[in-house]
Amino acid sequence: MSEERSLNFIEEIIENDLQSGKYETLITRFPPEPNGYLHIGHAKAICLNFGLTQKYGGYTNLRFDDTNPVTEKTEYVDSQQADIRWLGFEWKNELYTSDYFEQLYKFAVQLIEAGLAYVDHSTAEEIAQTKGTPTEPGTDSQYRSRSVAENLDLFTRMRNGEFPDGACTLRAKIDMSSPNMLMRDPIIYRIKHAEHHRTGNTWCIYPMYDFAHGQSDSIESITHSICTLEYVSHRELYDWFIEKLNIFPSHQYEFARLNLTYTVMSKRKLLQLVNEGVVSGWDDPRMPTISGLRRRGYTPESIREFCERIGIAKRENLIELSLLEFCVREHLNKTANRVMAVLDPIKMVITNYPEGQSEVLIGENNPEAEDKGGTREIPFSKELWIEREDFMEEPAKKWFRLAPGAMVRLKFAYIVKCEDFVKDENGNVTEIHCSYIPESKSGEDTSGINVKGTIHWVSAAHAKTAEIRIYDRLFTVESPDSEEGDFKDYLNPDSIKVIKEAFIEPYLADAKQDARYQFIRKGYYSLDTDSTPEKLVFNQTVGLKDAWAKAKK
RNA sequence: UGCCCGAUAGUAUAAAGGUAGUACGACGGUUUUUGGUACCGUUUGUCUAGGUUCGAAUCCUGGUCGGGCAACCA
């Protein structure tokens, strides 16, 4: 409690409700439809809903909003649960809207009996036509005045499967001239002879979202039903059903969904990327899905921190990807062990180091960790791999790295001086020859020499190899959704770069699946799910900030 | 053309009628055996026009701009 963060508008509402005694316990819910994988936008909602009850007491239910059997699958239920748990949250009750189908049916009967719902045999086109437009009122359906008895009979027969799909619907009888289109006798039940992932073939009629969500909230005594802005106009209907049914008054509050630069967030578009093979799957490391971020190496802590920092408000927003990247770097900087890997190798020969000799150096694992993360052994010898970009034949201004005659420190090792280099017939540098200064060894340097640059390296004789995958933003424009034409026109052709054979220090041969590493001077990396002990595969989670790359521009 | 929601630095988000702050980004610097980290500094903002008030980002009115609403999707 060192620093008091100001409350967002939902927290203000909750504190008022708790103080006024309107509610004693806070109950929220996270209600995904199991028709896709969860993404970072869902993470915002998850952190909000679960975070609120962690902060104020009470609990959060996980409720799968499974009222549309044709799009929903158990695969999605499983992945969504795994993702929520991975993020670090646990729900009180695992519930399904389909658990309430019988109760919802009774609610519908109750409405019919009150003269507030009717069976409509209009076709979909007729319903659309008589709906009116935002500026013109709709007109009553010719079936609107059916008697209660007739409606009851028809609705029973709908349930019994006497009608084919689309033959009729159950509609709430509200007001065809309401300025709110959703109040113009909304459809509340439709016929779908489809197998449901949980109820199988028990039902052939399914409630619509509006007839299911509020009542489900009410059944669970949800005190604050939090959803995104596009549901604002649904609130009137939400309240209408609760009032007419005379059930526990849950209340709906809306906040602005997350938008992130250089990606898309709609499930429809993400599904399209998966189905069309643009990405390798829902968990492709370039996807903004929770599973994609996890595979990419993001940590739950960093995602939660991100959700905390972006805030909760009602205005449309487009968050810069750099904030998400800042959050992972911040966490990984404190927790990831430093290691050395050379991604674009060039040979360095230390001319005055004895042939065939090697020695073991000690490397500190993490200068940022409280215990420095312990140490590890790093073999050193006459021939090393270094990064091609760390040598310049004709050094630029303020170049601190290798160049003819220049000195640099080899991280954890010695200071070396570039004496010579070898080129092939095409003019490419193939080898760099250096002399080392024996008394400049890390930790026991008596040379008195100060160098500006330090570079990483791997002993050629001891190096292991690994495949390394480096990712960039999936799209070339900040907001693919709001550009002209199809969003896929703006895919970044260079969103993935694969380095088939990079050299890594031996320590990494034992890399663990869940471990994150900082490849010194390069970025943060962790093993991909494709990795095997025989063939290691690392993903770059995010690169380190690179002031030199910036300075070059 | 109707109804609803919104508008504060580049991006987000605070300020509950009383000094417009914070973070990320950008830019500059210090430290550094990672051109990383850390630290310091700089830059930029209340959509607009009126009104109420001693005083308005905040309250009121008009306008402008952005978003949502016409699925048997959620």
What nucleotide, of C27(B), U33(B), C24(B), holds the atom closest to the side chain of Lys550(A)? C27(B)

Contact under 4.0 Å: Arg235(A) side-chain N or O vs G68(B) OP1/OP2: no

Give one of base, sugar-phosphate or nothing for Pro367(A), where a contact means two heavy atoms less than 4.0 Å apart. base

OP1 or OP2 of U13(B) less than 4.0 angstrom from a side-chain nitrogen or oxygen of Arg315(A), does that happen here? yes

Say we look at G25(B) and A7(B): how far apart would their P atoms be, to the nearest angstrom? 26 Å

Please walk me through it: do Phe519(A) and Tyr525(A) pass ring pair (Phe, Tyr, Trp, His ring centres under 6.0 Å)? CA-CA 7 Å; Phe519(A) 288 4; Tyr525(A) 295 79; 4.0 Å; yes

Under 4.0 Å: is that the gap between some side-chain N or O of Arg268(A) and OP1 or OP2 of C73(B)? no

Check the distance between G35(B)'s P and Gln518(A)'s CD and give it to me in whole angstrom. 10 Å

Any side-chain heavy-atom pair from His196(A) and Ser98(A) closer than 4.5 angstrom? yes

Quiz item: cation-pi between Arg409(A) and Tyr414(A), 6.0 Å / 45°: no

Assert: residue with more 5' nearest nucleotide on RNA chain B, out of Arg401(A) and Leu7(A), is Leu7(A)

Counting any heavy atom closer than 4.0 Å, what does Ser122(A) reach on the DNA or RNA strands: base, sugar-phosphate only, or nothing? base

Identify whether any heavy atom of Asn68(A) sits under 4.0 Å from a base atom; if not, whether one sits that close to sugar-phosphate; answer base, sugar-phosphate or nothing. sugar-phosphate

Just call it for Glu368(A): base, sugar-phosphate, or nothing, with non-hydrogen atoms closer than 4.0 Å on any strand. base

For a side-chain contact (heavy atoms from CB on, under 4.5 Å) check, start with the C-alpha distance between Tyr37(A) and Ile290(A), then their side-chain angles and the critical distance, and finish with the verdict. CA-CA 8 Å; Tyr37(A) 279 62; Ile290(A) 311 277; over 6 Å; no

Could you measure between the two P atoms, the one in U19(B) and the one in A57(B), and give it in whole Å? 10 Å

Mind checking the P distance from A49(B) to A56(B)? Whole angstroms is fine. 14 Å

Could you list the residues that satisfy side chain to side chain contact (heavy atoms under 4.5 Å, CB included) with Ala551(A), not counting sequence neighbours? Trp548(A)

Which one, U33(B), U13(B), C24(B), comes nearest to the side chain of Ser442(A)? U33(B)

Base-pair string, RNA chain B, Watson-Crick plus G-U, cut-off 3.5 Å on both distances, | for inter-strand, is .((((((..((((....[..)))).(((((.......)))))....(((((..]....))))))))))).....

Gap in Å between the two C1' atoms, one belonging to A9(B) and one to A23(B), rounded: 12 Å

Is Lys452(A) near enough to U33(B) that one of its side-chain N or O atoms lies under 4.0 angstrom from OP1 or OP2? no

Which of the following nucleotides, G35(B), G36(B), A74(B), is nearest to the side chain of Thr67(A)? A74(B)

Touch check for Tyr206(A), heavy atoms < 4.0 angstrom, all strands: base, sugar-phosphate only, or nothing? nothing

With sugar-phosphate meaning primed atoms plus P, OP1 and OP2, does Ile312(A) contact a base, only sugar-phosphate, or nothing at under 4.0 Å between heavy atoms? sugar-phosphate

Hey, is the side chain of Lys192(A) poking within less than 4.0 Å of OP1 or OP2 on C73(B), counting only N and O atoms? yes

cation_pi(Arg171(A), Tyr118(A)) dist<6.0 Å, angle<=45: no

Between Asp445(A) and Ser440(A), a side-chain donor and acceptor under 3.5 Å: no

Rounded to whole angstrom, note down the P distance from G36(B) over to G17(B). 45 Å

Contact class for Ile319(A) (heavy atom, under 4.0 Å): base, sugar-phosphate, or nothing? sugar-phosphate

Taking the P atom of each, how far is U8(B) from U48(B), in whole Å? 11 Å

Can you find a side chain N or O atom of Ser6(A) that sits less than 4.0 Å from OP1 or OP2 on U13(B)? no

What is the nucleic acid contact for Phe400(A), judged by heavy atoms within less than 4.0 Å: base, sugar-phosphate only, or nothing? base

Measuring only the C1' atom in each nucleotide, how far is U1(B) from C69(B)? A whole number of Å is fine. 15 Å

At 4.0 Å (heavy atoms only), tell me whether Phe412(A) reaches a base, stays on the sugar-phosphate, or touches nothing. base

If you pin Arg521(A) and Glu125(A) to their nearest nucleotides in RNA chain B, which one's is more 5'? Arg521(A)

Within the 3.5 Å criterion, strictly below it, is a donor on His456(A) or Arg338(A) matched to an acceptor on the partner's side chain? no

Tell me which nucleotide among U8(B), G36(B), G2(B) gets nearest to the side chain of Pro134(A). G2(B)

Determine: side-chain N/O of Lys545(A) to OP1/OP2 of G25(B), distance under 4.0 Å, yes or no. yes

Using a heavy-atom cut-off of under 4.0 Å over every strand shown, decide if Arg309(A) touches base, sugar-phosphate, or nothing. sugar-phosphate

Of all the choices, C27(B), U11(B), C5(B), which nucleotide is nearest to the side chain of Glu320(A) once you look at every atom? U11(B)

What is the ring orientation for Trp385(A) with Phe503(A), classed by angle as parallel under 30°, tilted 30 to 60°, or perpendicular over 60°? parallel

Base, sugar-phosphate alone, or nothing: which one does Thr123(A) contact when heavy atoms must sit under 4.0 Å apart? base

Distance between the C1' atoms of G41(B) and C59(B), in whole angstroms? 39 Å

Asn8(A), nearest nucleotide to its side chain (from A14(B), C27(B), A12(B)): A14(B)

Looking at Asp390(A) and Arg401(A), does any basic side-chain N land under 4.0 Å from a carboxylate oxygen? yes

